[in-house]
Novice: 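First the structure, then my questions, so here it is.
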Amino acid sequence: MSCIDLVVGPQHPALHESERFTFKVEGEVVVDVEPRLGYIHRGIEKALERRSIVQGLYLAERVCGICNVAHSLCYSQAMEDVCGVEPPERAKYLRVIAHELNRIHSHLLLLGVAGELIGFMTLFMLLWRDREVVMDLFERFTGNRVNSAYNVVGGVRRDLDDSLARDLEKAMDSLSGKMRGYRKVFMEDPTVRARAVGVGALSRHKAVELCAVGPTARGSGVRADVREYRPYAAYEGLDFHPVVYEEGDVWARLMVRVDEVLEAAELVKQCLRKMPSGQLRARAPRFIPAGEGFSVVEAPRGDLNYHVYGRGAVTPDRVKIRTPTYANIPALCEMLKGGYVADIPASLVSIDPCFACTDRLAVVDVGTGRRWTTTIYELAGRAR
Amino acid sequence: MRGFEVAEALREGLKEGLREASVVKPGRVKVVVEGGFHRRAVEALKARFGELHVFSIVGADRGGGLELTYNLWLYGPRVHVMLKTSLPKEGPEVETITDLVPGATLYEREVYEMLGVRFKGHPNLARLFLPEGWPEGLYPLRKEVKLEELERCLA
């Protein structure tokens, strides 16, 4: 049978950035994938070369809205590394709380979207309802629901009072209870299992070879969690267990996130108990000295790293950002090969890209030149 | 200090191609190699420590020349290796590492289009981020390229 090019994208093919994927399909089977990135490349790395430490922080936070805490944390740590600044102990614990709340909201968002894409709308609504609780707490904690501007170079911006600490603890307990219920759904529900088990396989060997990160790697049995292997902020002093599943399919990658929400809730509670009192921030210099700084954090989607070159001026010489979705693209292509067209949305969602509601894709039949468009939801509909 | 055994292994594996191998912080080793020896370094690290993860490949225009930094993570000894090599600004060329670490494919393509470094032996050294119709030879992250020029190309 002859191959047909199936072009998905560039306008949000269910992805974080607008990206275009050209699938070579033989009947219903994907035989090859070619990604084309860059549709919303904003030149942030070049722009950071013209910004001071403080201005750059705001820009870094806007690389990604959903995991903004990971970006501001990683940027701050890289700058602290090059400047030789050590944040106070209390700030490190507060950073972990913000980071883990951010992870909970990001994972619940993804799990909800996964529920929607596999045709399980109730699960989507329930998960997003519970996500709101975290968003509200996040607003009380940092001052904003989404872009929190919580981390600064040298520490954090605001403290946590006793009443909020009590509410956080209570909310984490109730969230854990609900999450255990959802865990049962993900474990046993026939709809979820039918659409996720055995779909989008990625072997452990391939995951390591293709440098997959985060839940994508951990769903394939790679024990790789920055919080464990290269502890930053306060993780060194916390009792932390990385979540690893061996199956390597969409289901395993979703389960990693389900269990990580439970783990994150425990981490927040641990921080509240162990957090020392003290200063919130150390003074950061205005000049970035000559030298290099590097930081890597475990963002909700995997390891995120910043590499900074200083030159003894207000602005840095070079800032390199490597985001986790970018790192997972080769692994994603591997998952899609050999799978069905109808499984594309399930595999895409399993690496946790961001979704927009106007997802559209163009289907081109190369043989006849016929071209039509459809939405990712119609594509998902074929799978139900 | 964590990292000494990695610096030692590189000294043994590379000998003449090595300019510097030092533990700059606990768990972080800075390695500077002569042109063309970065592959040998990656091979030596893989052979000795097993699984290796590429955090990122950073290309930087340091004024006089280009500098490539391979940020590698060794899962075994839990050490971050900053593997560095310098390149001239005119016609920079370097051997690919994609056959050793297939996960580096996109990172090399990014350095190629942003700074103009050609990776010899790369399976598909095509554009990744920049639009089609971008002028040949204009590398946005080079210092001599001004923002105004980029804006003109994007208009």
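The sequence lines fix the lettering, A, B, ..., with proteins before strands; numbering per chain opens at 1. Below, each value reflects all heavy atoms present in this structure, side chains not excepted, and no hydrogens, waters or symmetry copies. Just so we're clear, the structure is a prediction, and the values are computed from it rather than from any experiment.
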Novice: Can you tell which of B/Leu52, B/Val54, B/Ile57 has the highest number of heavy-atom pairs within less than 4.5 Å of chain A?
Specialist: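 Among B/Leu52, B/Val54, B/Ile57, the one with the most close pairs to chain A is B/Val54.
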
Novice: For the pair B/Glu110 and A/Arg322, find out whether any cationic side-chain nitrogen is under 4.0 Å from an anionic carboxylate oxygen.
Specialist: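 The answer is no: the pair does not qualify as a salt bridge.
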
Novice: Using a cut-off of under 4.5 Å on heavy-atom pairs, state which of B/Gly59, B/Ala126, B/Gly63 scores highest against chain A.
Specialist: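 The option with the most such pairs is B/Gly59.
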
Novice: Going by an N to O cut-off under 4.0 Å, is there a salt bridge joining B/Lys46 and B/Glu43?
Specialist: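 No, this pair does not count.
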
Novice: Is A/Glu298 paired with A/Arg218 through a side-chain N to carboxylate O contact shorter than 4.0 Å?
Specialist: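 So A/Arg218 pairs with A/Glu298 through a salt bridge.
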
Novice: Kindly indicate whether the side chain of A/Pro330, heavy atoms from C-beta on, has any atom under 4.5 Å from the side chain of B/Thr105.
Specialist: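 No, their side chains stay 4.5 Å or more apart.
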
Novice: Name, in order of residue number, those residues of residues 137-146 of chain B that have a heavy atom at a distance of less than 4.5 Å from a heavy atom in chain A; otherwise write 'none'.
Specialist: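 Answer by number: B/Pro140, B/Leu141, B/Arg142, B/Lys143, B/Val145.
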
Novice: In terms of the angle between their ring planes, are B/His53 and B/Tyr75 parallel, tilted or perpendicular, with boundaries placed at 30° and 60°?
Specialist: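 Ring orientation, 0 to 90° scale: tilted.
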
Novice: Quick one: do A/Arg318 and A/Glu45 make a salt bridge, cutoff under 4.0 Å?
Specialist: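 Salt bridge present between A/Arg318 and A/Glu45.
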
Novice: Are any of the side-chain heavy atoms of A/Val226 and A/Val297 separated by less than 4.5 Å?
Specialist: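 Sidechains of A/Val297 and A/Val226: no contact.
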
Novice: Where on A/Asp317 is there a heavy atom nearer than 4.5 Å to chain B: the side chain, the backbone, both, or neither?
Specialist: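 Both parts, heavy atoms under 4.5 Å.
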
Novice: So which part of A/Glu34 gets closer than 4.5 Å to some heavy atom of chain B, the side chain, the backbone, both or neither?
Specialist: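 Only the side chain of A/Glu34 comes within 4.5 Å of chain B.
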
Novice: Angle between ring planes, A/Tyr309 versus A/His307, binned at 30° and 60°: parallel, tilted or perpendicular?
Specialist: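 The rings of A/Tyr309 and A/His307 lie parallel, inter-plane angle below 30°.
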
Novice: Please state whether the rings of A/Phe294 and B/Phe55 are parallel, tilted or perpendicular, taking 30° and 60° as the class boundaries.
Specialist: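 Tilted, since the angle between the ring planes falls between 30° and 60°.
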
Novice: Look at A/Glu209 together with A/Lys206 and state whether they make a salt bridge at an N to O cut-off of under 4.0 Å.
Specialist: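 Here A/Glu209 pairs with A/Lys206 in a salt bridge, since their nearest N and O are under 4.0 Å apart.
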
Novice: Where does B/Thr69 contact chain A at under 4.5 Å (heavy atoms): side chain, backbone, both or neither?
Specialist: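 B/Thr69 touches chain A through side-chain heavy atoms alone.
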
Novice: Using non-hydrogen atoms and a 4.5 Å limit, figure out which bit of B/Glu132 sits close to chain A: side chain, backbone, both or neither.
Specialist: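 For B/Glu132, heavy atoms of backbone and side chain both lie under 4.5 Å from chain A.
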
Novice: Counting only heavy atoms not in B/Arg118, do more than 12 fall under 6.0 Å of its CZ?
Specialist: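 Open.
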
Novice: Is chain A contacted by the side chain of B/Asp61, its backbone, both, or neither, given a heavy-atom distance below 4.5 Å?
Specialist: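 Just its backbone gets close to chain A.
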
Novice: Check step by step if side-chain hydrogen bond (donor to acceptor under 3.5 Å, both in side chains) holds for A/Arg51 and A/Tyr58.
Specialist: CA-CA 10 Å; A/Arg51 279 165 172 79; A/Tyr58 291 95; over 6 Å; no

Novice: Relative to chain A, which segment of B/Leu100 carries a heavy atom at a distance below 4.5 Å: side chain, backbone, both, or neither?
Specialist: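 Interface part for B/Leu100: neither.
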
Novice: Charged N to carboxylate O below 4.0 Å: is that the case for A/Asp81 and B/Arg28?
Specialist: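 Looking at B/Arg28 together with A/Asp81, the answer is yes, because their closest N to O distance falls below 4.0 Å.
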
Novice: Answer whether the closest heavy-atom distance between the side chains of A/Leu202 and A/Arg253 falls below 4.5 Å.
Specialist: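 Answer yes - side chains close enough.
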
Novice: Contact part of A/Ala217 toward chain B, heavy-atom cut-off under 4.5 Å: side chain, backbone, both or neither?
Specialist: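 The answer is neither part of A/Ala217.
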
Novice: Using a 4.5 angstrom heavy-atom cutoff, name the option from B/Leu130, B/Asn71, B/Asn124 with the most pairs to chain A.
Specialist: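 Between B/Leu130, B/Asn71, B/Asn124, the count favours B/Asn71.
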
Novice: Which members of residues 79-96 of chain B, sorted by number, sit under 4.5 angstrom from chain A on a heavy-atom basis?
Specialist: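 Answer by number: B/His80, B/Met82, B/Lys84.
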
